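Because the structure is a prediction, the values reported are computed rather than measured. Per chain, numbering begins at 1; letters A, B, ... match sequence-line order.
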Amino acid sequence: MNQLKVYNSLTRQKELFTPITPGHVGMYVCGPTVSGESHLGHARPYITFDVINRYLQHTGYKVRYVRNITDAGHFEEEGREAVDKIASKAILEKLEPMELVQKYTNLFHWAMDQFNTLPPSIEPTATGHIVEQIEMIKKIIDAGYGYASNGSVYFDVKKYAAAHDYGKLSGRVIDELLETTRELEGQEEKKDMADFALWKNAAPEHIMRWQSPWGVGYPGWHIECSAMATKYLGAQFDIHGGGMDLLFPHHESEIAQSTICNHTAPVRYWIHNNMITINGRKMGKSYNNVIKLTELFSGDHPILEKAYHPMTVRFFILQTHYRSTLDFSNEALQASEKGLRRLWDAFEHLGKLTREGGAAAEDPELDQKVARLLKEFDEFMDDDFSTAKVLANMFEIVPVINSIKDKLIPVTALSAENFLFLQNRFQTWLVDIFGLKSVSEADNSKLQGVMQLLIAIRKEAKSRKDFVTSDLIRNQLANLGITLKDEKGGDMSWSVD
RNA sequence: GGUCCUGUGGCCGAGUGGCUAGGCAGAGCUCUGCAAAAGCUCCUACAGCGGUUCGAAUCCGCUCGGGACCUCCA
């Protein structure tokens, strides 16, 4: 049946996707750290994997989609001291750590809703799985790959690398890793520079803290994903996703931990999305070039020329392959905005069209072309999720739809079967798979009633060639941000800007 | 410094060795009371230099430019 091929970061090539359990897919995606607001860069993985999730479901898989919330503090170097990201922010904002985490979790969920992403099947939190993480660390110690040191626990990378391929995923060379010199807090506790923390001893002022066999502390930053993925998806599961910047050390470490614990490589297919850049540079806190999602939607940011609708952003992301970098600019976003509008208008017109007459295609050549363009959707998507190519095909069909609408070509140019296929495909792909929705706020029933009334008055005025009145209505509406368009054949359509 | 990725027309971006996506912007025309849409047409690019090949944007090498990771990071 389907021949889905995905690019596997682990093997660096496209592979035929075959799930462990036929008909079912287990997918884990690294979720947000809720110590602050999400920015445009964060939107990419969640939209990318939302479409992957939707497509897998569309092709008949039952998907268990797990996306975590990282709400336990990890390390961040701020100034000289290594401080807990969440704890320090909490002091600044005078909020309880969990209050802060709740606030940003809510904000994240709000943004995901704006983007029309489907919620994951399970959204586990790190703080809710401290016990599982401790158990996993114990297992790693028992297996001889973890050691306690001064209340912290580290993973013995050198020992692991002796018998396993540490660095396979990220292309890292272990010997080079071992000689990396870096002045990081806690480094003297490690046997080796390359070792990473499984558990960290908490200083007295550290607010987020839990009791453990090694003293009071908090989990290291790779263990949560290993623990939660194992718990909800099993020792080995199908897909693990996330940003390319997580390849090393996060995902590499995840593999090491899980492999020791579960005696198997945890993931069959590693899928990584590329970064969103701004002026050619990755958007990230350390580069000081982030545009928060709230700013993006409101336009309230110095480099934004205007506000951008969440659907514009979603469409912008889908117009590029997920493994390519995507450069942000006002020009690019505005191009997407206009493109989406044109595509969506055509889609809405298409939904209102009906086909009568003989079932055969009166323009076989066009009919075949459209059929071909439509059939290619699956082909493109099965080729490592080429959403951009599907959209390109849709745009090739747009003039056909508009021409039918404007009666430049008869609806019977296409066969009855193909016309129905066209309608179904656009609905399924645009709405169900790409998760796009109308950007119009015109779904207020009272407004619709008022508009029907104004349109009736304007039609009447036009029929009397009373252009003063008809122009008045249209111009005043334009001032209010409502565009009224005269369609061919005397009808009028309207949209809210 | 190490590992890896990348360089496409005014801008954004697809591109599996041959048949040269798509969007946005721009130009012209058509439709139209006007406007806006829409339709048609035009603008044919692959950083540079070599090489492989009947044929390269696509493969190889070198040069130059950009980026990611090596540290928290989507």
Side-chain angles (χ1 to χ4, degrees), chain A residues 12 14 29-33 35 38-49 70 73-78 82 85 167 170-173 175-177 179-180 182-184 194 221 241-250 252 272-277 279-287 290 315-316 319-321 323-343 345-346 349 380 383 386-396 398-403 405-406 408-409 462 465-467 470-471 474-475 478 483-488 493 495:
Chain A
R12 279 158 240 265
K14 281 183 201 168
V29 174
C30 288
T33 301
S35 62
S38 298
H39 58 72
L40 173 57
H42 296 121
R44 175 102 103 143
Y46 307 130
I47 289 173
T48 299
F49 288 100
T70 298
H74 292 324
F75 276 131
E76 186 185 44
E77 271 192 311
E78 264 181 29
K85 212 191 265 183
S170 57
R172 214 66 16 166
V173 180
D175 292 334
E176 284 165 5
L177 229 47
E179 64 195 30
T180 311
R182 207 164 287 279
E183 307 221 350
L184 282 177
W221 64 287
M244 275 184 185
D245 50 352
L246 296 180
L247 271 164
F248 190 88
H250 188 54
E252 196 71 62
H272 291 93
N273 63 275
N274 214 318
M275 303 292 102
I276 289 184
T277 59
N279 295 322
R281 180 154 252 123
K282 173 185 168 184
M283 186 175 287
K285 225 186 254 175
S286 41
Y287 293 114
V290 302
F315 183 73
F316 174 63
Q319 267 187 304
T320 308
H321 189 87
R323 279 190 292 107
S324 301
T325 54
L326 175 57
D327 199 52
F328 167 88
S329 69
N330 281 289
E331 230 183 337
L333 255 296
Q334 282 165 34
S336 289
E337 184 177 75
K338 286 179 187 162
L340 173 59
R341 172 169 285 222
R342 198 162 90 91
L343 181 60
D345 282 350
H349 290 311
F380 292 156
D383 185 15
S386 292
T387 54
K389 293 175 90 172
V390 175
L391 288 173
N393 273 21
M394 286 183 170
F395 273 110
E396 283 203 66
V398 164
V400 179
I401 296 170
N402 285 333
S403 295
K405 183 207 76 172
D406 288 340
L408 296 172
I409 58 175
K462 271 188 77 176
K465 298 223 185 296
D466 176 6
F467 297 124
S470 69
D471 285 355
R474 190 174 61 195
N475 293 340
T483 305
L484 197 59
K485 288 186 283 197
D486 291 345
E487 300 291 343
K488 298 217 162 45
S493 67
S495 61

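Straight-line distance between the C1' atoms of G22(B) and A45(B): roughly 15 Å, to the nearest whole Å. Here, A36(B) and U30(B) have their P atoms 15 Å apart, quoted to the whole Å. If you take atom C1' in A21(B) and the same atom in U58(B), they sit 15 Å apart, rounded to whole Å. When the P atom is used for both C12(B) and U8(B), the distance is 8 Å, rounded to whole Å. Look at the P atom in both G17(B) and C24(B): the space between them is 30 Å, to the nearest Å. Across A68(B) and A27(B), the matching C1' atoms stand 40 Å from one another, rounded to whole Å. A56(B) and G48(B) have their C1' atoms separated by 16 Å, given to the nearest Å. Comparing the C1' positions of C19(B) and G23(B) gives an interatomic distance of 23 Å, to the nearest angstrom.
A stem is defined here as three or more consecutive Watson-Crick or G-U pairs, each with both distances under 3.5 Å; for RNA chain B these stems are B:1-7 with B:64-70, B:10-12 with B:22-24, B:26-30 with B:38-42, B:47-51 with B:59-63.
Rounded to whole Å, the distance from CG on L246(A) to P on C70(B) is 10 Å. Taking atom CG on D245(A) and atom C1' on U3(B), their separation rounds to 16 Å, with Å as the unit. Taking atom CG on N274(A) and atom P on G66(B), their separation rounds to 18 Å, with Å as the unit. Put simply, NE2 on H272(A) is 18 Å from C1' on G67(B), counting in whole angstrom units. Between the C1' atom of U6(B) and the CE atom of M275(A) lies a distance of 14 Å, rounded to the nearest Å. If you measure from atom CG of N279(A) to atom C1' of G7(B), you get 17 Å, rounded to the nearest angstrom. Rounded to whole Å, the distance from CZ on R172(A) to C1' on G2(B) is 9 Å. Distance, F248(A) CZ to U71(B) P: 6 Å, rounded to whole Å.
Within the nucleic acid shown, M244(A) has no heavy atom closer than 4.0 Å to any nucleic acid atom. Nucleic acid contact for G284(A): none, since no nucleic acid atom lies under 4.0 Å from a heavy atom of the residue. Across all strands shown, L340(A) has no heavy atoms under 4.0 Å from either base or sugar-phosphate atoms. Note on L247(A): nothing from the nucleic acid sits closer than 4.0 angstrom, heavy atoms only. M394(A) comes within contact range of no nucleotide atom at all, as no heavy-atom separation falls under 4.0 Å.
Side-chain nitrogen and oxygen atoms of Y287(A) include at least one within less than 4.0 Å of the OP1 or OP2 phosphate oxygen of A68(B). Taking side-chain N and O atoms only, R281(A) has a distance below 4.0 Å to OP1 or OP2 of G67(B).
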**Study point:** Annotated protein contacts, base or backbone, on nucleotides 30-39 of chain B with a non-hydrogen cut-off under 4.0 Å, one of B, S, - each
**Key:** -S-BBBBBSS
Point to revise | Contact letters for nucleotides 10-21 of chain B, in which S counts primed atoms plus P, OP1 and OP2 and B counts the base, heavy atoms under 4.0 Å | key: -SSSSS-----B
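Residues satisfying the salt bridge (Lys or Arg N to Asp or Glu O under 4.0 Å) test with R323(A), not counting sequence neighbours, are D384(A). In terms of the side chain to side chain contact (heavy atoms under 4.5 Å, CB included) criterion, residue partners of N393(A) (sequence neighbours excluded) are, by chain and number, L373(A), E376(A), F377(A), F380(A), E396(A). By the side chain to side chain donor-acceptor pair (under 3.5 Å) test, K14(A) is found to be paired with D383(A), residues two or more places apart in sequence or in another chain being considered. Under the salt bridge (Lys or Arg N to Asp or Glu O under 4.0 Å) criterion, E487(A) pairs with K405(A), not counting sequence neighbours. Residues satisfying the side chain to side chain contact (heavy atoms under 4.5 Å, CB included) criterion with V290(A), sequence neighbours excluded, are H39(A), M283(A). Take P45(A) and apply the side chain to side chain contact (heavy atoms under 4.5 Å, CB included) test, not counting sequence neighbours, and it matches F49(A), N273(A). Contacts of D466(A) classified as salt bridge (Lys or Arg N to Asp or Glu O under 4.0 Å), with partners at least two apart in sequence or in another chain: R464(A). Judged as a salt bridge (Lys or Arg N to Asp or Glu O under 4.0 Å), and not counting sequence neighbours, E252(A) has no contacts. In this view, A392(A) satisfies the side chain to side chain contact (heavy atoms under 4.5 Å, CB included) rule with no residue, not counting sequence neighbours.
Heavy-atom distances to RNA chain B give each of R12(A) and F395(A) a nearest nucleotide, and the one nearer the 5′ end belongs to R12(A).
Note that OG of S495(A) and CZ of R341(A) are 5.0 Å apart. Values are rounded to the nearest 0.5 Å.
Between R474(A) and D471(A), at least one side-chain nitrogen of the basic residue sits less than 4.0 Å from a carboxylate oxygen of the acidic one, meeting the salt-bridge criterion.
For K338(A), counting side-chain heavy atoms from C-beta on, the closest listed nucleotide (C70(B), A25(B), A74(B)) is A25(B).
The two residues F315(A) and S336(A) have their closest heavy-atom pair at CD2-O, 3.5 Å. Counting all heavy atoms, side chain and backbone alike, T325(A) lies closest to T320(A) at O-CG2, 4.2 Å.
Looking only at side-chain heavy atoms (C-beta outward), M394(A) and V390(A) come within less than 4.5 Å of each other.
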